[in-house]
Amino acid sequence: MESPSQAPHSGSSLWKGFLLTASILSCWIQPTSAQSDSFSVVPNPPYGTVGSSVILDIQGLSQQPPSYTWYRKAVIPSNRIAFYHVANGQLTASDSRLNVSSNGSLSISNLTLSDTDDYFVQLFDPTSSEIVTAQGHLAVYGSLSKPTISSTNMAPVENKDNVSLTCQSESQEVTYLVWSINQSSPAGDRIVLSPDNRTLTIINVTREDQGPYECEIQNPVSVNRSDPFTLNIVYGPDTPVIVPTDPNYPVGANLELLCSGDSNPPAQYTWFFNGILTVSTPQLSILNVSLNHTGTYSCIASNSVTGLSSSKDINITVSETASKPTITANSTNVMENSTLVFTCNTEHEGMNILWFFNNKSLSLNEGQYLSDGDLILTVKNVTRKHAGSYQCEIWNPISSNRSDPLEVTVNYGPDDILFSPSPAGDEIRVIFQQSLTLVCQVESYPPAQYEWRVNVTVSPEFTNNTYIIQNVSWEDSGQYTCLAWNNVTELSVSKAVTVRVIEQPPEGGSGSSLSGGAIAGIVIGVIAGVALVGFLIYFLFFRPSGGASEHHDTEHKSSAPNHRQTNSDSSPNRTEEVSYASVNFNAQKPLATAQLPSHTDTVYSEIKKK
Ligand SMILES: *[C@@H]1O[C@H](CO)[C@@H](O)[C@H](O)[C@H]1NC(C)=O
Ligand SMILES: *[C@@H]1O[C@H](CO)[C@@H](O)[C@H](O)[C@H]1NC(C)=O
Ligand SMILES: *[C@@H]1O[C@H](CO)[C@@H](O)[C@H](O)[C@H]1NC(C)=O
Ligand SMILES: *[C@@H]1O[C@H](CO)[C@@H](O)[C@H](O)[C@H]1NC(C)=O
Ligand SMILES: *[C@@H]1O[C@H](CO)[C@@H](O)[C@H](O)[C@H]1NC(C)=O
Ligand SMILES: *[C@@H]1O[C@H](CO)[C@@H](O)[C@H](O)[C@H]1NC(C)=O
Ligand SMILES: *[C@@H]1O[C@H](CO)[C@@H](O)[C@H](O)[C@H]1NC(C)=O
Ligand SMILES: *[C@@H]1O[C@H](CO)[C@@H](O)[C@H](O)[C@H]1NC(C)=O
Ligand SMILES: *[C@@H]1O[C@H](CO)[C@@H](O)[C@H](O)[C@H]1NC(C)=O
Ligand SMILES: *[C@@H]1O[C@H](CO)[C@@H](O)[C@H](O)[C@H]1NC(C)=O
Ligand SMILES: *[C@@H]1O[C@H](CO)[C@@H](O)[C@H](O)[C@H]1NC(C)=O
Ligand SMILES: *[C@@H]1O[C@H](CO)[C@@H](O)[C@H](O)[C@H]1NC(C)=O
């Protein structure tokens with residue numbers, strides 16, 4: 001602080017005069033002067049900024065005093081900084097940066113940080129006739145320099161050390177200090193802030209605490225933020241991970257394993273094979289592996305700073321690639337009830353075996369079992385259901401291979417005969433002059449051979465399972481015997497059925513009575529007409545009998561179209577269906593006997609002509 005005598009001012013004698021006056025005044029008034037609450041000194045703006053100016057206003061003054069005396073820090077003569085005499089506008093200031101305006105306010109220009117202080121003004125208040133002193137504080141702020149973060153521990157160990165970070169700033173007038181961790185506010189039980197926010201302490205650090213940390217300082221005119229600070233937290237190694245994880249390798253493959261465990265500083269790695277040190281790198285590679293590379297591979301990761309280590313094993317299996325097996329059986333063509341033994345042939349050992357039947361995985365039933373490490377399949381009491389294709393498959397974790405199919409045929413039967421049409425109580429009825437198709441069905445492999453007998457006589461013309469008579473006559477009634485035999489199983493079976501030839505059932509049973517009635521009407525009408533004409537001719541010209549043949553022709557023509565509609569179910573396809581469709585024929589012609597009108601006979605004879 002400059003002393004008042006050093007103030008460069010034109011009127012130094014004048015200064016002395018005022019000084020004297022003020023001194024006297026102050027000495028005289030001091031005991032009675034008061035620092036009234038109604039007067040105050042208020043900076044405008046409220047704080048100063050380095051390099052700019054501020055005005056300290058006096059508030060609470062209602063009447064102009066004769067003079068103003070300004071002090072800094074304390075109201076003592078040595079701290080007086082300006083005196084202003086209102087009447088003549090004379091200013092005496094200790095510093096060229098100071099000026100007092102006519103209303104007494106003190107302006108300070110070119111502010112520096114050291115202008116921060118308490119300021120006083122003393123004056124004579126005409127209202128109260130007292131000497132009063134008013135006081136105010138001026139704070140001057142400069143722009144803040146960037147703070148820095150310092151740490152008590154440059155390499156704290158995870159789950160062990162505490163660490164304190166301090167925000168350091170060269171600036172004195174910091175009004176506010178905040179921290180951010182990872183761009184968010186500090187939070188959590190393990191984080192402790194000092195009361196002034198300057199120091200942040202993290203208790204028992206973890207690797208997640210590495211930050212980055214930033215601290216920010218503020219004053220009313222400036223903000224500044226530290227560079228991000230990252231804690232180097234020492235941790236690990238964690239349990240390592242080995243990749244790839246597939247434990248199976250074919251012979252000749254390259255084994256490349258990579259071990260990694262999270263660690264700071266990075267871990268050191270060593271590999272052991274079945275307990276023998278192999279390499280000291282994170283990577284283990286073995287080219288062209290053979291079967292004896294099967295075993296346990298262990299990776300050990302260690303951290304020299306934490307002194308910790310951890311390990312991980314992988315069990316590698318090296319296997320051969322399965323080559324195609326073959327399947328054999330002690331027979332591929334067997335009798336029912338015999339025993340079949342299949343063998344899966346492979347050069348490999350220790351393979352898994354699967355059996356397939358007709359391309360589906362074989363499920364073992366009673367009487368079937370596997371032996372010799374599943375390489376042998378035995379099927380006891382072979383049945384016809386066991387005929388089909390057999391395969392075996394070998395597999396290991398890296399490969400599988402299936403044999404070609406082996407076809408097995410099973411010879412069986414014949415065991416039972418079924419006739420078609422099926423007899424009603426051992427008897428098959430067939431209408432006179434219809435056709436008869438008898439089919440004898442058996443189950444057999446290889447297919448059965450057949451012999452037919454009628455009554456007791458062998459019918460050599462029928463050598464398969466079908467017996468046909470195109471136009472049944474009354475003499476065809478009798479006992480028909482089908483004999484089936486299998487020349488491999490040497491089994492045979494025979495069965496007889498009685499065939500009875502019967503008359504045509506009534507037409508009503510055909511399900512077409514309407515058209516039958518129509519036919520009857522037309523036919524009767526035509527017959528009547530022709531008979532009348534014939535009768536007239538007979539009477540007019542001659543009397544010999546011969547009209548019957550003409551009579552027949554006429555009937556034939558008129559009935560033909562109707563007949564087609566009536567029997568369309570059975571007649572058009574007759575020749576194609578004959579071998580198997582006799583059931584239909586039977587159903588359509590109920591066997592109830594009835595008097596048959598003569599014209600219906602004509603209709604059926606027409607069918608046979610077709
Ligand atoms: C205030 O500072 C400016 C430069 O910043 C200078 O030109 C001026 O003379 C100074 N005024 C006083 C009163 O010191
Ligand atoms: C003080 O202020 C007055 C009026 O505001 C002005 O005329 C005068 O030049 C100033 N003095 C100084 C030393 O700046
Ligand atoms: C630090 O934390 C770990 C786990 O959270 C705990 O096991 C250990 O005891 C703690 N250490 C201290 C000094 O608190
Ligand atoms: C400390 O920081 C908090 C916010 O994080 C703030 O509210 C408080 O005022 C600060 N204290 C100091 C002394 O800066
Ligand atoms: C594995 O067997 C091969 C010969 O097949 C031999 O050369 C090699 O040394 C064996 N390796 C080990 C690890 O025993
Ligand atoms: C590896 O195999 C050994 C014995 O063969 C077994 O004790 C161990 O648990 C296996 N390790 C893994 C990771 O499967
Ligand atoms: C198999 O045995 C069953 C009853 O045991 C018998 O009916 C059948 O004829 C036999 N099959 C052959 C082909 O011998
Ligand atoms: C197949 O071998 C088994 C056992 O040796 C035997 O019992 C069975 O009769 C043989 N089957 C044939 C069809 O040879
Ligand atoms: C196989 O057939 C024999 C005789 O036919 C019989 O005693 C045995 O129970 C049958 N076994 C099975 C599993 O069907
Ligand atoms: C049966 O043999 C006859 C010849 O004798 C033939 O026309 C007919 O098609 C054969 N039927 C079957 C089902 O083989
Ligand atoms: C079968 O025998 C009966 C009577 O014994 C006879 O009426 C019938 O005509 C015979 N059938 C044949 C086709 O010989
Ligand atoms: C069975 O009969 C068929 C056809 O007649 C013939 O080809 C085959 O050789 C016969 N088999 C035996 C074992 O007699």
Side-chain angles (χ1 to χ4, degrees), residues 139 141 144 147 149 164-169 171-188 191-202 211 213-226 239-249 255 257 259 261 271-276 278 284 291-301 310-319 331-336 338 350 397 409-414 442 444-451 460 462-465 483-493:
Y141 298 104
L144 294 166
I149 293 175
S164 290
L165 303 178
T166 303
C167 186
Q168 301 196 311
S169 164
S171 313
Q172 302 301 310
E173 292 291 331
V174 171
T175 58
Y176 198 73
L177 194 153
V178 282
W179 287 91
S180 67
I181 304 171
N182 248 335
Q183 275 151 28
S184 53
S185 304
I191 291 173
V192 179
L193 265 179
S194 64
D196 62 358
N197 287 3
R198 200 164 284 278
T199 303
L200 178 82
T201 303
I202 305 138
Y213 293 81
E214 286 172 66
C215 74
E216 185 180 281
I217 54 175
Q218 299 177 5
N219 65 21
V221 303
S222 161
V223 174
N224 216 331
R225 184 175 266 260
S226 70
T239 302
V241 170
I242 298 172
V243 289
T245 53
D246 182 358
N248 298 298
Y249 288 80
L255 176 64
L257 298 176
C259 181
W271 279 99
F272 291 81
F273 171 55
N274 289 342
I276 298 158
T278 308
L284 172 78
L291 290 174
N292 61 7
H293 289 109
T294 295
T296 302
Y297 292 79
S298 313
C299 163
I300 294 173
S310 51
S311 71
K312 174 81 178 172
D313 286 356
I314 183 171
N315 286 347
I316 298 290
T317 304
V318 180
S319 334
S331 173
T332 56
N333 185 325
V334 293
M335 297 291 186
E336 214 169 31
S338 65
T409 53
V410 177
N411 303 303
Y412 60 89
V442 298
S444 172
Y445 190 88
Q449 296 172 13
Y450 297 89
E451 184 184 87
F462 296 104
T463 57
N464 60 19
N465 68 338
L483 170 72
W485 80 93
N486 179 328
N487 67 352
V488 177
T489 64
E490 294 178 336
L491 294 173
S492 66
V493 63

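Numbering of ligands and ligand atoms starts at 1, following listing order.
- Of the listed residues (V192, I191, I202), just one forms a side-chain contact (heavy atoms from CB on, under 4.5 Å) with P186, and that residue is I191.
- No donor-acceptor pair under 3.5 Å is formed between the side chain of N465 and the backbone N or O of Y450.
- Near Q449, meaning under 4.0 Å from any of its heavy atoms, are these atoms of ligand 12: 1 (C), 2 (O), 3 (C), 4 (C), 5 (O).
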Margin query: Go through it in stages, so that I can follow the logic: the residues are S184 and N182, the test is side chain to side chain donor-acceptor pair (under 3.5 Å), and I'd like the CA-CA distance, side-chain angles, deciding distance and then a yes or no.
Written below: CA-CA 6 Å; S184 53; N182 248 335; over 6 Å; no
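- There is a protein heavy atom closer than 4.0 angstrom to atom 14 (O) of ligand 6.
- Test N197, L177, L144, V223 against E216 for side-chain contact (heavy atoms from CB on, under 4.5 Å) and you get one pass: V223.
- Rounding to the nearest 0.5 Å gives a distance of 7.0 Å between CH2 of W271 and CD1 of I314.
- The option with the heavy atom closest to atom 4 (C) of ligand 4, from among V178, D196, L193, is V178.
- Checking atom 9 (O) of ligand 12 against the protein gives no heavy-atom contact under 4.0 Å.
- The residue among T175, L177, I217, N197 with a heavy atom at the shortest distance from atom 2 (O) of ligand 4 is N197.
- Of all protein heavy atoms, the one lying nearest to atom 7 (O) of ligand 4 is Y176 OH, 3.6 Å.
- Across N487, N486, V488, heavy-atom proximity to atom 3 (C) of ligand 12 is greatest for N487.
- Of the protein's non-hydrogen atoms, the one nearest atom 12 (C) of ligand 6 is N315 ND2, 3.3 Å.
- Classification of the H293-F273 ring pair by plane angle, with boundaries at 30° and 60°, yields tilted.
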